[in-house]
Trainee: 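Before I ask anything, let me first share the structure, which is written out below as structure tokens.
Ligands are counted one by one from 1 in listed order, and the atoms in each one are counted from 1 as well.
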Amino acid sequence: MSTATPETPRYALEIRDLRKTYAARGGESEKEALKGIDLAIPRGSIFGLLGPNGAGKSTLINILAGLVNKTSGSVRIWGFDQDKNPRMSRASIGVVPQELHLDPFFTPHEAMEIQAGLYGVPPSARQTDTLLTALGLGDKMHVGARSLSGGMKRRLLIGKALAHSPPVLILDEPTAGVDIDLRRQLWAYVRRLNDEGVTVILTTHYLEEAEEMCDRIAIIDHGKVIANEGKSALLSRIDRKTMTITAGEPFTTIPPLLAAHGLLDCSLGEDGTLAITFSRSETNPGEILDLVRNSDIDIRDVMTHEPGLEQIFMDLTASS
Ligand code: ADP
């Protein structure tokens, strides 16, 4: 949409040739943490930012949050250039940090009010009570932050990041160390925010979570974007599929017809099954079943399994 204005930008975030080199310090030489990142994150998406440790994710997020100065490149948040319009670009983003750091002397209500005040939100426009209630902290509004559990602190940090109603929310490893129930609750809340129009960017180590939550996923490695596409496109990049066959008699050898067929892999399972890995684009599952039947095998069960994001992640980061 060429008519996009800062009020309705097409991209919630536009990052062009972003570079960051940390200066040498102590005995360490300088470190090029970001080597020319280009990313355009569509408004309204739930965007996953994945990468192994040291890939540059925190550096990128800290630049977006205004906590680290970039070396070069440009960042536009909600259409506002970070250099030309720092106030508006900062007001357009909320960041939930990884660390559960909260001032122990303030209650959740006070912490939210202070945060809103820092962003110049007038008292009449503040949403402290609504946000705290939506985050399940309604009955904890006025207790000391010290008495909050880890999960409650995490939710309060989300509330603080939303105190100025930013259209873009970044969650940095939001569910690290969070139990499964709370994780589900957090994701339900994130989905709700997204339904209400908030663009969400999250980093996570839980690949299955990115698979479940995100509509687009970028993978960063060694300071570069090595993949950036819709989740289904990314998943469809995997050509490999595995078929596991259980027969009337346990498999003890690989049937010669299969061994000779140019499959990617055939292996015997400890439970007597046979796992056949093949290329979806080159081999039709029917062909494989014919080969098994022609080997006089009495098929009792067939299961197919497609590798997920985990496999893509390993394949991509191994080859980069
Ligand atoms: P990630 O969040 O993906 O684990 P980081 O952005 O933390 O990656 O780190 C990227 C690279 O930059 C790493 O090699 C890291 O050691 C280096 N780095 C991060 N912060 C600093 C810093 N303040 N000074 C020097 N090097 C840093």
Trainee: Below 4.0 angstrom, counting only protein heavy atoms, does anything approach atom 25 (C) of ligand 1?
Mentor: yes
Trainee: Does an N or O from G54, backbone or side chain, lie closer than 3.5 Å to an N or O of ligand 1?
Mentor: yes
Trainee: Quick test: of every protein heavy atom, which one is nearest to atom 6 (O) of ligand 1, and how far off is it to 0.1 Å?
Mentor: T59 OG1, 2.5 Å
Trainee: When you measure from atom 7 (O) of ligand 1 to every protein heavy atom, which one gives the shortest distance, and what is it?
Mentor: S58 CB, 3.7 Å
Trainee: Considering only NZ, NE, NH1 and NH2 on the basic side and carboxylate oxygens on the acidic side, decide whether K70 and D83 come within less than 4.0 Å.
Mentor: yes
Trainee: Find the distance between CG (L100) and CZ (R154) and round it off to the nearest 0.5 Å.
Mentor: 4.5 Å
Trainee: What atoms of ligand 1 come within less than 4.0 Å of a heavy atom belonging to N53?
Mentor: 4 (O)
Trainee: With a cut-off of 4.0 Å, which atoms of ligand 1 are near a heavy atom of P52?
Mentor: 3 (O)
Trainee: Which residue supplies the protein heavy atom nearest to atom 8 (O) of ligand 1, what is that atom called, and how far is it?
Mentor: G56 N, 3.0 Å
Trainee: Go through the steps for E113 and T128 under the test side-chain hydrogen bond (donor to acceptor under 3.5 Å, both in side chains), then give the verdict.
Mentor: CA-CA 7 Å; E113 287 288 307; T128 301; 2.5 Å; yes
Trainee: For the NZ atom of K140 and the CG atom of L135, what is their distance to the nearest 0.5 Å?
Mentor: 14.5 Å
Trainee: Does atom CD of E249 have more than 12 heavy-atom neighbours, drawn from other residues, nucleotides or ligands, at distances under 6.0 Å?
Mentor: no
Trainee: Among all protein heavy atoms in this structure, tell me which lies nearest to atom 19 (C) of ligand 1, with the distance rounded to 0.1 Å.
Mentor: Y22 CE1, 3.4 Å
Trainee: Parallel, tilted or perpendicular: which fits the ring planes of H142 and H109, with parallel below 30° and perpendicular above 60°?
Mentor: tilted
Trainee: Is the shortest distance from a heavy atom of R25 to ligand 1 less than 4.0 Å?
Mentor: yes
Trainee: Examine A33 against ligand 1 and note whether any of their N/O atoms are separated by less than 3.5 Å.
Mentor: no
Trainee: For the residue pair T199 / S45, report whether a side-chain donor-acceptor contact shorter than 3.5 Å exists.
Mentor: no
Trainee: Any atoms of ligand 1 less than 4.0 Å from a non-hydrogen atom of K57? List them with their elements.
Mentor: 1 (P), 2 (O), 3 (O), 4 (O), 6 (O), 8 (O)
Trainee: Hey, looking at atom 17 (C) of ligand 1, which of K31, H222, E28, E32 has the closest heavy atom?
Mentor: K31
Trainee: Do V168 and V121 sit in the same hydrophobic cluster, where Ile, Leu, Val, Met, Phe, Trp and Tyr count as joined when their side-chain heavy atoms come under 4.5 Å apart?
Mentor: no
